[in-house]
Each structure stands twice: as structure tokens, then as C-alpha cells.
Amino acid sequence: GGATAIGSRDSERGRLPGETRLLLVSCAIDAFGTGLTLPFLVVYLHEVRGLGLDVVGLLVAVPAVVALLLLAPVGALIDALGPRRVQMAALGAATTSAALLSCATTVPIALVARGFWGISQAAFHPANQALIAAVVPVAQQQRYFALPFALLNAGVGVGGVLGALVVDVARPATFKAIYLVDAASFLVPLAALAVPLRHIGGPPVHGRAARPRE
């Protein structure tokens with residue numbers, strides 16, 4: 001009775017469970033890494049790697065096409081495997097994409113890297129929203145569903161500013177460095193999901209009523 005009362009008061013004050021805070025912090029680190037590289041993709045591929053603008057334009061569009069093709073299968077995978085495993089796969093694909101882009105000296109390497117990014121984007125956001133639903137108490141879900149996107153915008157903004165202070169087209173190593181940092185940033189939420197958050201976001205239980213979090 002006492003524990004329930006305390007939990008109820010915490011819910012009223014808007015205090016999030018520790019697992020939810022860890023998930024959100026992980027998303028913020030992920031977003032910061034993305035922000036380091038996102039504004040500089042065209043400059044990197046064209047000015048540093050010497051790819052033509054027509055080719056670069058096609059490479060920029062690849063993730064959107066891949067994500068569009070994968071949205072339905074991703075939904076089925078989340079339902080079958082649970083959002084945690086799908087998000088871990090998305091983070092693995094994002095890590096691979098950034099690592100490949102750091103050494104994308106040819107069109108095929110850049111194409112594969114962008115394909116992996118499309119896979120990650122198709123899977124990450126729906127899986128992340130499902131995870132938020134799994135760990136945020138029902139009374140607070142309406143308030144906190146928008147938080148991952150706010151953190152994404154903040155992380156991309158901060159990362160973009162810091163990236164601009166680092167990169168230099170005359171020094172290709174600076175671009176390679178930010179892509180490697182980007183790849184490493186995805187390992188933080190991946191590790192969180194693999195160890196401290198391994199008990200959340202499992203496959204949904206069908207056929208019997210699930211008890212909602214309160």
C-alpha cells in the first residue's frame with residue numbers, strides 16, 4: 001500500500017522511472033552523434049570524396065526509398081520480436097552506416113552505407129515509440145511521447161554546431177573523425193538496451209489481456 005502511494009505521488013509529480021530516463025538519455029546521445037554528421041553529408045561526399053553532385057543527390061535519397069519499402073515489414077517484426085530487439089538491430093545498422101561512410105571513397109561503399117542508414121531509420125523510430133509505451137506509466141504517456149523528438153532536435157542542433165567547428169574540407173581526417181564519433185554514439189543506446197534495459201520491450205503477449213503500467 002505504501003509503495004503504491006509513493007508511486008502514485010511520483011506519477012502525479014511527473015517523475016519518470018529510471019529505465020525511462022536511461023532510454024531518453026540514450027536517445028539524446030544518439031541524436032548528438034547524428035547531428036555531428038547530418039548537415040555535412042553533401043559537402044563530405046562531393047568536396048572531400050569527389051563524387052558528382054548528381055550521384056550525391058541520388059545517395060541522399062536512398063534512405064528514404066529504403067525506409068518506405070521497409071515500414072510494413074518493420075511493423076511485423078516489432079510485433080513478432082518486440083521493439084527492443086528491432087531497435088537494437090536499427091542501432092547496429094546505424095553504426096554500420098556511419099562507419100562505412102567514414103571511409104566511403106567510392107560510390108558502392110557510399111551506396112551500401114546509405115542503405116544501412118535507411119534500414120536504421122525505418123526501424124528505429126517506430127520501435128522507439130513502442131519502447132516508450134512499454135516503460136512510461138500510462139498516466140504520463142501523452143506528455144512524454146514527444147520527448148524523443150525534442151531530444152532528437154536538440155541533439156542534432158548541438159551536434160551540428162560542434163561539427164561545424166571541427167570539419168575542414170582541406171583535412172579529410174576531420175570528416176572521418178566525426179563519422180566515427182557518430183558510429184560510436186549509437187553504441188551507447190545499443191549497450192543500454194543489451195544490458196540494463198534487457199527486460200523491457202519483449203515480444204507482445206497475444207491471447208490474454210496485458211496489464212497496463214500505472
Smallest separation among heavy atoms of Val86 and Ala123, with atom names: CG1-CB, 3.8 Å
Side-chain donor-acceptor distances from residues 55-72 under 3.5 Å, at least two apart:
none

How far apart are the closest heavy atoms of Ala110 and Leu45, and which atoms are they? CB-CD2, 4.4 Å
Passes side chain to side chain contact (heavy atoms under 4.5 Å, CB included), Thr96 versus Val112? Steps please. CA-CA 9 Å; Thr96 302; Val112 172; over 6 Å; no
Identify, with sequence neighbours excluded, every residue that meets side chain to side chain donor-acceptor pair (under 3.5 Å) alongside Thr37. Asp182
Under 3.5 Å, is there a donor-acceptor pair between the side chain of His46 and the main chain of Gly52? no
A side-chain contact here means heavy atoms from C-beta on lying under 4.5 Å apart; do Leu193 and Leu23 qualify? yes
Let me check something: do Leu91 and Phe116 share a hydrophobic cluster, defined by ILVMFWY side-chain heavy atoms less than 4.5 Å apart, either directly or through other members? no
Check for me, please, whether Phe124 and Val74 land in the same ILVMFWY cluster - side-chain distances under 4.5 Å, paths through other members count. no
Is there a path of hydrophobic side-chain contacts, each under 4.5 Å between heavy atoms of I/L/V/M/F/W/Y residues, joining Leu190 to Phe32? no
Check Ala31 against Leu151 and note the closest heavy-atom contact, atom names and distance. CB-O, 3.7 Å
Within the supplied structure, the quantity of interest is the number of heavy atoms (other residues, nucleotides, ligands) at a distance under 6.0 Å from Tyr44 OH; does it exceed 12? yes
If you link I, L, V, M, F, W and Y whenever their side-chain heavy atoms are under 4.5 Å apart, who else ends up in the same group as Leu180? none
How close do Ala130 and Ile78 get, heavy atom to heavy atom, and via which atoms? CB-CG2, 4.5 Å
Val43 with Leu38, same ILVMFWY side-chain cluster at under 4.5 Å: no
Ser26 vs Leu22 side-chain heavy atoms within contact, under 4.5 Å: yes
In terms of hydrophobic clusters joined by side-chain contacts under 4.5 Å, are Val48 and Tyr179 together? yes
Using the ring of each side chain (for Trp, its six-membered ring), is Phe186 parallel, tilted or perpendicular to Trp117, with breaks at 30° and 60°? tilted
Shortest non-hydrogen contact from Pro196 toward Ala191: CD-O, 3.6 Å
Check: residues 160-178 side-chain donor-acceptor pairs under 3.5 Å, at least two apart:
unit_1 : atom_1 : unit_2 : atom_2 : d
Asp168 : OD1    : Ala170 : N      : 3.0
Thr174 : OG1    : Asp168 : N      : 3.0
Thr174 : OG1    : Asp168 : O      : 3.4
Thr174 : OG1    : Arg171 : O      : 2.6

CD1/Ile200 to CD/Glu19 distance, rounded to the nearest 0.5 angstrom? 5.5 Å
Indicate every side-chain donor-acceptor pair of residues 97-109 with a distance under 3.5 Å to a residue at least two apart or in another chain.
unit_1 : atom_1 : unit_2 : atom_2 : d
Ser97  : OG     : Ala113 : O      : 2.8
Ser102 : OG     : Ala99  : O      : 2.6

If you compare all heavy atoms of Gly202 against all heavy atoms of Pro83, which two are closest, and at what distance to 0.1 Å? O-CD, 3.9 Å
So CG of Leu187 and OG of Ser185: to nearest 0.5 Å the spacing works out to 8.0 Å
Side chain of Asp79, backbone of Gly75: donor and acceptor closer than 3.5 Å? no
Going through the distances and angles, do Leu152 and His125 end up as a side chain to side chain contact (heavy atoms under 4.5 Å, CB included)? CA-CA 11 Å; Leu152 174 63; His125 295 292; 4.1 Å; yes
Cluster companions of Val195 among Ile, Leu, Val, Met, Phe, Trp, Tyr (side-chain spacing under 4.5 Å): none
With side chain to side chain contact (heavy atoms under 4.5 Å, CB included) as the criterion, how do Phe149 and Gln129 come out once you've worked through the C-alpha distance, each side chain's angles and the decisive distance to 0.1 Å? CA-CA 10 Å; Phe149 294 100; Gln129 290 295 88; 3.9 Å; yes
